*Asks:* 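Dropping a structure here in structure tokens format, bear with me for questions.
Worth saying up front: this structure is predicted, and the values here are computed from it rather than measured.
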Amino acid sequence: MTDIDHVGLRQLDLSLLLIFLGLMRHRKGAAVATEMGLTQSAISHALGRLRVVFDDPLFLRKPHGMEPTAVARALEPQIAAAVRTLDAALNPPAPFDPTAAEGVVRISALDYELATIFPAALTRIAAAAPGLRLAVKSLDRSQALAALDTGEADLVVGFFWDPPEFALLEPLFDDHYLVAGRKGHSTIAAMPALEDYLTARHLLVSPNGKLFGIVDRTLKRAGEVRNVAVAVPQFMSALAILAETELIATLPARLVSRHAGTFGLAAAEPPVAIRSFTSSVARHRRDEKNPIHLWLIEQFRAAVAP
């Protein structure tokens, strides 16, 4: 910040700027004194300080009042903008009005959230804020958080085991897991037989293509291994595949409960205890008080409320 004129700024205070703008409006020191509750001598003293700071007379005394110089005219819009900025910093923003909201909010979410949370949330958002547009991109957890940090994403919807310090989480709901397969699948019917579960052919939803996930970590701690045969990047495609194959998959219960009927699937509790998870909306600390983001989070909360 070496380009800032510290000496000049130290000679200014907000009252001087307000007096300058008052003189530009009224062109008379007495009128400014009355408006600001000051004496005329205080106005004269302030004008003297302003002349020293800007090295210019600023106002010339005329029979009809005080005429601003060319320097004063050039300074007026800059000083007015500075005062408006300071005033905005001192006063809370106006209440957010969704009916007047416009622009694009960039969100990262996997199709699990898109298929469970977004239908109800989008209905609410469209009804209350028709001018607001959402651009949703599917990124894995690390990519989504990186996009949030760089500003490429405004909000990230998902679950986060160990969120970075810059991310503020707003919990939406808790979820657990169910094992799903086509109706009549022998392994689903035999649940909770662990042996049948381990030997069945498993479908894993893995955006990064890895054949190892939370279920496999849980089984490894117990000294067991399951047969992961296929990994696909999306949850909805997993449901479609399960409907027409002998594969089974361990999936979030909210997703299975909502869409099992559509795909003709059966479900059962897994034969091993898998930790539950919390789906949240993540935002960056720099946007902690962003009114649009806060309003959208409330719409997501309302969409998942019982």
*Asks:* Donor-acceptor check, side chain of Thr245 to backbone of Leu247, threshold 3.5 angstrom: yes or no?
*Replies:* yes

*Asks:* I'd like to know if Met236 and Ile107 are part of one continuous hydrophobic network [Ile/Leu/Val/Met/Phe/Trp/Tyr, side-chain heavy atoms within less than 4.5 Å].
*Replies:* yes

*Asks:* Salt bridge between Arg73 and Glu76, side-chain N to carboxylate O under 4.0 Å?
*Replies:*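 Answer for the salt bridge query: no.
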
*Asks:* Could you tell me whether the side chain of Asp140 and the main chain of Gln143 form a donor-acceptor pair under 3.5 Å?
*Replies:* yes

*Asks:* Would you say Met36 and Leu14 are hydrophobically clustered, going by side-chain heavy atoms of ILVMFWY under 4.5 Å?
*Replies:*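 Yes, one cluster joins them.
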
*Asks:* May I ask you to decide if Ala115's main-chain N or O and Arg258's side chain share a donor-acceptor pair within less than 3.5 Å?
*Replies:*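 Between the backbone of Ala115 and the side chain of Arg258 there is a qualifying donor-acceptor contact (under 3.5 Å).
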
*Asks:* Just say parallel, tilted or perpendicular for the rings of His202 and Tyr197, cut-offs at 30° and 60°.
*Replies:*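 His202 and Tyr197: perpendicular rings.
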
*Asks:* Taking 4.0 angstrom as the limit, do Arg25 and Glu35 come out as a salt bridge?
*Replies:*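 So Arg25 pairs with Glu35 through a salt bridge.
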
*Asks:* For Pro164, what residues pass the side chain to side chain contact (heavy atoms under 4.5 Å, CB included) criterion, not counting sequence neighbours?
*Replies:*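 Result, side chain to side chain contact (heavy atoms under 4.5 Å, CB included) vs Pro164: Leu145, Phe166, Ala167.
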
*Asks:* Could you check whether Thr69 and Asp56, counting side-chain N and O atoms only, form a donor-acceptor pair closer than 3.5 Å?
*Replies:*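 Side-chain D/A pair, Asp56 to Thr69: present.
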
*Asks:* Hey, is Glu170 close enough to Arg283 for a salt bridge, meaning N to O under 4.0 Å?
*Replies:*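 Here Glu170 pairs with Arg283 in a salt bridge, since their nearest N and O are under 4.0 Å apart.
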
*Asks:* Among all residues two or more places apart in sequence or in another chain, which pass the side-chain hydrogen bond (donor to acceptor under 3.5 Å, both in side chains) test with Arg254?
*Replies:*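 Applying side-chain hydrogen bond (donor to acceptor under 3.5 Å, both in side chains) to Arg254 gives none.
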
*Asks:* Between Arg285 and Glu165, does any side-chain N to carboxylate O distance fall below 4.0 Å?
*Replies:*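 A salt bridge is absent here (no side-chain N lies under 4.0 Å from a carboxylate O).
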
*Asks:* Could you tell me whether the side chain of Thr278 reaches within less than 4.5 Å of the side chain of Phe159, counting heavy atoms only?
*Replies:*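 A side-chain contact is absent here, since even the closest heavy-atom pair is not under 4.5 Å.
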
*Asks:* If only atom types and distance count, is the side chain of Asp216 paired as donor or acceptor with the main-chain N or O of Gly213 below 3.5 Å?
*Replies:* yes

*Asks:* Below 30° counts as parallel, above 60° as perpendicular, anything between as tilted: where do the rings of Phe235 and Tyr112 land?
*Replies:*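 Correct class here is tilted.
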
*Asks:* Are any side-chain N or O atoms of Asp175 and backbone N or O atoms of Pro252, one a donor and one an acceptor, separated by less than 3.5 Å?
*Replies:* no

*Asks:* Is Glu102 salt-bridged to Arg133, going by a charged N under 4.0 Å from an acidic O?
*Replies:* no

*Asks:* How are the rings of Phe118 and Phe300 set to each other: parallel, tilted or perpendicular (split at 30° and 60°)?
*Replies:*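 Aromatic pair Phe118/Phe300 classed tilted.
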
*Asks:* Side chain of Glu244, backbone of Ile241: donor and acceptor closer than 3.5 Å?
*Replies:*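 Side chain of Glu244 to backbone of Ile241: no pair is present.
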
